[in-house]
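Take a look at the structure set out below.
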There are 2 protein chains.
Amino acid sequence: MKLDRQTIQLAAITLLNETGLETLSMRTLAKSLDVKAASLYFHFKNKDELMEGIAELISGRISQRLAKVKDCDFYQLAHILREELKRVNDSPKIFEITYPFTPNRTKLILLGMQLMQDLGVDQRHLTVAGNMGNNFVLSYVADEQYFARGTQRQMPAEFAAQFPSPIDLANPDEAFDYGLDIFIHGLQATTK
Amino acid sequence: MKLDRQTIQLAAITLLNETGLETLSMRTLAKSLDVKAASLYFHFKNKDELMEGIAELISGRISQRLAKVKDCDFYQLAHILREELKRVNDSPKIFEITYPFTPNRTKLILLGMQLMQDLGVDQRHLTVAGNMGNNFVLSYVADEQYFARGTQRQMPAEFAAQFPSPIDLANPDEAFDYGLDIFIHGLQATTK
DNA sequence: ACCTGAACACCGTTCAAGT
DNA sequence: ACCTGAACACCGTTCAAGT
């Protein structure tokens with residue numbers, strides 16, 4: 001078996017989409033590649049570095065798609081971000097636990113801050129606004145994947161009673177745009 | 001040693017504040033209580049239930065403080081939430097991984113939705129708006145605790161160059177209010 | 001009722017040894 | 001250069017046994 005970092009990362013992503021982050025161990029990953037766990041340590045210093053590689057790989061996909069968009073605005077960035085994150089189960093958790101300043105990821109962060117600046121956010125609040133946008137998309141996808149799993153426990157009855165019926169719920173795509181609108185309009189209202 | 005759920009939860013919180021979630025195991029927790037790991041399983045079905053108990057305990061503290069506030073608005077809820085979450089290291093992560101509909105936590109969720117409704121959010125978007133508010137506070141505190149840890153790796157130099165100097169950064173309290181303003185103003189702009 | 005000893009099936013990681 | 005066997009120090013969890 002001829003391994004390399006790419007192959008291992010892609011096998012990990014396959015496993016994530018099959019069974020999720022909880023069951024992804026160096027041992028299960030190795031088994032899926034017909035190799036022993038120790039072999040992986042020739043290609044990655046440790047599990048953290050592997051996770052970092054996965055986040056960086058996803059960031060690369062996003063960068064590639066963004067490169068094809070001219071005059072990219074914040075909506076487009078957010079949409080592409082969401083779409084690519086959704087392609088890998090538990091990707092928000094992976095982004096959360098890994099070091100963010102890898103090359104492709106740094107590019108995304110800089111683009112995000114750039115777009116915030118264009119929207120009129122002042123220098124002092126660039127970081128916090130950027131984090132907020134980032135957290136919004138990550139949390140949104142995390143929630144989507146959590147509900148898609150369908151393995152949650154029930155809501156209590158008293159709670160369900162106060163709730164809008166499923167018919168009255170916004171669909172996930174519309175709801176995402178709704179959240180994005182809140183953020184953008186909030187930025188505009190706060191910067192002028 | 002006479003154990004009960006409260007004692008165990010408080011010992012766990014102490015351990016969280018000393019060394020964080022990563023090193024909190026049933027075994028280290030038991031050791032801090034001068035007891036064997038197996039003993040904990042008399043009081044909690046498993047580790048998940050213990051974590052759920054911790055989130056519920058924190059939610060109880062928040063509820064207690066909220067009860068003393070008359071005409072509570074969204075700002076006050078957010079502030080109290082942030083303050084109590086900050087008292088327990090890694091609490092955002094714990095809230096993220098546990099079942100949310102425990103008694104005190106359900107009360108908080110219902111209050112949050114209530115306040116969103118008062119702000120004019122329509123029925124269809126109550127859930128998504130509520131999640132957004134919740135995610136904002138949780139992510140904010142998570143980021144705060146991450147930076148407070150001070151163990152992160154460096155930003156790349158090219159990145160740091162583009163960054164506002166520390167003097168020009170908003171302080172954490174002000175930045176929190178700034179984020180909150182974005183959210184509230186965004187809600188208002190979107191609902192009318 | 002409440003705690004423990006001892007075990008089971010896992011982890012991530014290391015490292016001498018193989019090819 | 002690349003992979004493995006075997007071990008180390010951990011996990012969460014169970015359960016018969018002790019008091």
Side-chain angles (χ1 to χ4, degrees), chain A residues 1-16 18-57 89-91 93-99 149 151-153, chain B residues 1-16 18-57 89-91 93-99 149 151-153:
Chain A
M1 209 356 150
K2 200 64 182 169
L3 288 183
D4 59 28
R5 289 171 68 97
Q6 257 248 76
T7 312
I8 296 172
Q9 284 160 0
L10 292 175
I13 288 176
T14 301
L15 236 44
L16 284 172
E18 282 169 3
T19 59
L21 183 58
E22 283 208 350
T23 56
L24 175 64
S25 70
M26 298 304 269
R27 290 167 141 96
T28 57
L29 175 55
K31 185 158 281 175
S32 85
L33 286 161
D34 266 309
V35 106
K36 300 300 163 188
S39 312
L40 302 175
Y41 288 83
F42 182 82
H43 301 278
F44 293 94
K45 186 164 117 289
N46 51 34
K47 196 181 180 181
D48 277 352
E49 198 188 271
L50 168 58
M51 298 310 242
E52 197 177 296
I54 293 171
E56 175 66 359
L57 189 156
N89 193 22
D90 287 326
S91 58
K93 227 161 285 186
I94 294 173
F95 273 66
E96 214 184 273
I97 62 180
T98 49
Y99 171 75
R149 250 171 164 89
T151 50
Q152 324 86 40
R153 281 190 267 164
Chain B
M1 214 348 156
K2 200 63 182 171
L3 288 183
D4 59 28
R5 290 171 67 98
Q6 257 249 75
T7 311
I8 296 171
Q9 284 160 358
L10 292 175
I13 288 176
T14 301
L15 236 46
L16 284 172
E18 282 169 5
T19 58
L21 184 58
E22 282 208 351
T23 56
L24 174 64
S25 70
M26 297 305 269
R27 289 168 142 94
T28 57
L29 175 55
K31 186 157 279 174
S32 85
L33 287 160
D34 265 310
V35 105
K36 300 299 163 189
S39 313
L40 302 175
Y41 288 83
F42 182 82
H43 301 278
F44 292 94
K45 187 162 119 287
N46 52 35
K47 194 181 182 181
D48 277 353
E49 200 188 90
L50 168 58
M51 297 310 239
E52 197 178 295
I54 293 170
E56 176 65 0
L57 189 155
N89 193 22
D90 286 327
S91 58
K93 227 162 283 186
I94 293 173
F95 272 67
E96 213 185 274
I97 63 180
T98 49
Y99 171 74
R149 249 172 164 90
T151 50
Q152 324 87 40
R153 280 189 268 164

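Reminder, nothing fancy here: chain letters follow the sequence lines and each chain counts from 1. Note: hydrogens, waters and symmetry copies are ignored here, and every other heavy atom, side chains too, is used.
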Between K47(B) (NZ) and dT14(D) (P), how many Å, whole number? 14 Å
Judged by nearest nucleotide, the residue sitting upstream toward the 5' end of DNA chain D, F42(A) or A38(B), is F42(A)
Over all heavy atoms of both residues, which pair between A11(B) and L33(B) is shortest? Give the atoms and the distance, please. CB-CD2, 3.6 Å
Taking pairing as Watson-Crick or G-U wobble with both contacts under 3.5 Å, can you name the mate of dG18(C), or confirm there isn't one? dC2(D)
Can a side chain N or O of K36(A) be found less than 4.0 Å away from OP1 or OP2 on dC3(D)? no
Look at all strands and tell whether T28(A) reaches a base, only sugar-phosphate, or nothing, counting heavy atoms closer than 4.0 Å. sugar-phosphate
Could you check how far NZ of K2(B) sits from P of dT19(D), rounded to whole Å? 17 Å
Between F44(B) and the options Q9(B), E52(B), M51(B), the side chain to side chain contact (heavy atoms under 4.5 Å, CB included) test singles out Q9(B)
Between H43(A) and dA1(D), does any side-chain N or O lie under 4.0 Å from OP1 or OP2? no
Please give, in whole Å, the distance from dT4(D) C1' to L40(A) CG? 12 Å
Please determine whether a side-chain nitrogen or oxygen atom of S25(A) lies at a distance below 4.0 Å from atom OP1 or OP2 of dC11(C). yes
If you only use heavy atoms from C-beta on, which nucleotide in dC2(D), dT13(C), dT13(D) is closest to the side chain of R27(A)? dT13(C)
How many Å lie between CD on E22(A) and C1' on dG12(C), as a whole number? 17 Å
Salt bridge (Lys or Arg N to Asp or Glu O under 4.0 Å) between E22(B) and K93(B), worked out: CA-CA 11 Å; E22(B) 282 208 351; K93(B) 227 162 283 186; over 6 Å; no
5'-most contact on DNA chain C (nearest-nucleotide basis), T23(A) vs K45(A), goes to T23(A)
Separation of dA7(C) atom C1' from Y41(B) atom OH, nearest Å, is 14 Å
Atom CD of Q6(B): over 12 foreign heavy atoms under 6.0 Å: no
L3(A) CG - dC3(D) C1' separation (whole Å): 9 Å
Which nucleotide in the list dT13(D), dG12(D), dT4(C) gets nearest to the side chain of N46(B)? dT13(D)
Nearest-angstrom distance from the residue atom CE of M26(B) to P of dA7(C): 21 Å
Please name the pair of heavy atoms, one in I94(B) and one in T98(B), separated by the smallest distance, quoted to 0.1 Å. O-OG1, 2.7 Å
Rounded to the Å, how far apart are D48(B) CG and dG12(D) P? 11 Å
Re dA7(D): Watson-Crick or G-U wobble partner, both distances kept under 3.5 Å, found to be dT13(C)
Any side-chain N or O of S39(B) under 4.0 Å from OP1/OP2 of dT4(C)? yes
